[in-house]
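Structure first, then comments.
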Amino acid sequence: MEVNIKSEDIADVVEVSGRIGASESMDLTRRLEKHMEGGAVRPLVLDLEGVDYMSSAGLGMVVWLGKRMRESKQPFALSGLRDRVAHVFKLSGLDRILPVYPDRAAADAAVGARE
């Protein structure tokens with residue numbers, strides 16, 4: 001798994017590629033906690049376009065992140081779910097409770113509109 005966290009004008013963007021299994025979800029959680037420490041939480045887009053597999057632990061990490069963003073009262077969006085990952089989100093019902101957008105442009109627009 002590769003992770004790139006960057007701050008852009010509208011939001012922080014977390015680009016993830018590869019597989020998100022149990023160990024990767026723990027690593028990603030630690031990296032996100034470190035990025036958000038000190039209370040400086042900004043709107044966030046989690047770009048999963050490069051993710052080809054996500055385990056239930058990965059889904060749990062996304063739920064945790066959504067909850068953290070909601071508690072921080074900051075906009076949050078997911079983007080670019082590939083077919084396989086989108087199917088897992090649909091089966092779990094997470095596509096109905098988390099803001100999922102087809103691509104980064106749509107997610108960026110949604111996060112920016114909520115500011």
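- Summarising the geometry of Ala107 relative to Val45, their closest heavy-atom pair is CB-CG1, 3.9 Å, with the distance given to 0.1 Å.
- Nearest heavy atom pair, residue Arg82 against residue Val51, reads CD-O, 3.4 Å.
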Practice task
Mind running side-chain contact (heavy atoms from CB on, under 4.5 Å) on Leu81 and Val100 for me, showing each step along the way?
Solution key: CA-CA 8 Å; Leu81 304 183; Val100 178; 3.5 Å; yes

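- More than 12 heavy atoms of other shown residues, nucleotides or ligands fall within 6.0 angstrom of atom CD in Glu71.
- No side-chain heavy atom of Val88 sits less than 4.5 Å from a side-chain heavy atom of Tyr53.
- Taken to the nearest 0.5 Å, the CG atom of Asp108 stands 11.0 Å off from the OH atom of Tyr101.
- When all heavy atoms of Leu46 and Leu44 are compared, the closest pair comes out as N-CD2, 4.0 Å.
- Taking CD from Glu15 and CG from Leu48, the interatomic distance works out to 10.5 Å, rounded to the nearest 0.5 Å.
- Of the charged side-chain nitrogens involved, at least one lies within less than 4.0 Å of a carboxylate oxygen, so that Glu8 and Lys6 count as a salt-bridged pair.
- Listed here is the closest heavy atom pair of Val111 and Phe76: CG2-C, 4.3 Å.
- Screening Leu78, Ile20, Leu28, Leu94 for a side chain to side chain contact (heavy atoms under 4.5 Å, CB included) involving Val62 leaves a single residue, Leu78.
- The line from OG of Ser92 to NE2 of His87 is 10.0 Å long, rounded to the nearest 0.5 Å.
- Of the inter-residue distances, the one linking Leu32 atom CG with Met69 atom CE reads 9.5 Å to the nearest 0.5 angstrom.
- Electrostatic pairing of Arg42 and Asp12 counts as a salt bridge here, judged by a charged N lying under 4.0 Å from a carboxylate O.
- Contact of the Asp27 side chain with the Met1 side chain is registered, since non-hydrogen atoms from C-beta on lie closer than 4.5 Å.
- Here the OG-CD distance, from Ser79 to Glu49, works out to 7.5 Å after rounding to the nearest 0.5 Å.
- Annotation for Ala57 and Ser25: closest pair CB-OG, 3.4 Å, computed over non-hydrogen atoms.
- Taken to the nearest 0.5 Å, the CE atom of Met26 stands 12.5 Å off from the CE atom of Met61.
- Here Arg68 does not pair with Glu33 in a salt bridge; the nearest charged N to carboxylate O distance is not below 4.0 Å.
- Hydrophobic cluster membership is shared by Leu65 and Val41, with clusters built from Ile, Leu, Val, Met, Phe, Trp and Tyr side chains linked at under 4.5 angstrom.
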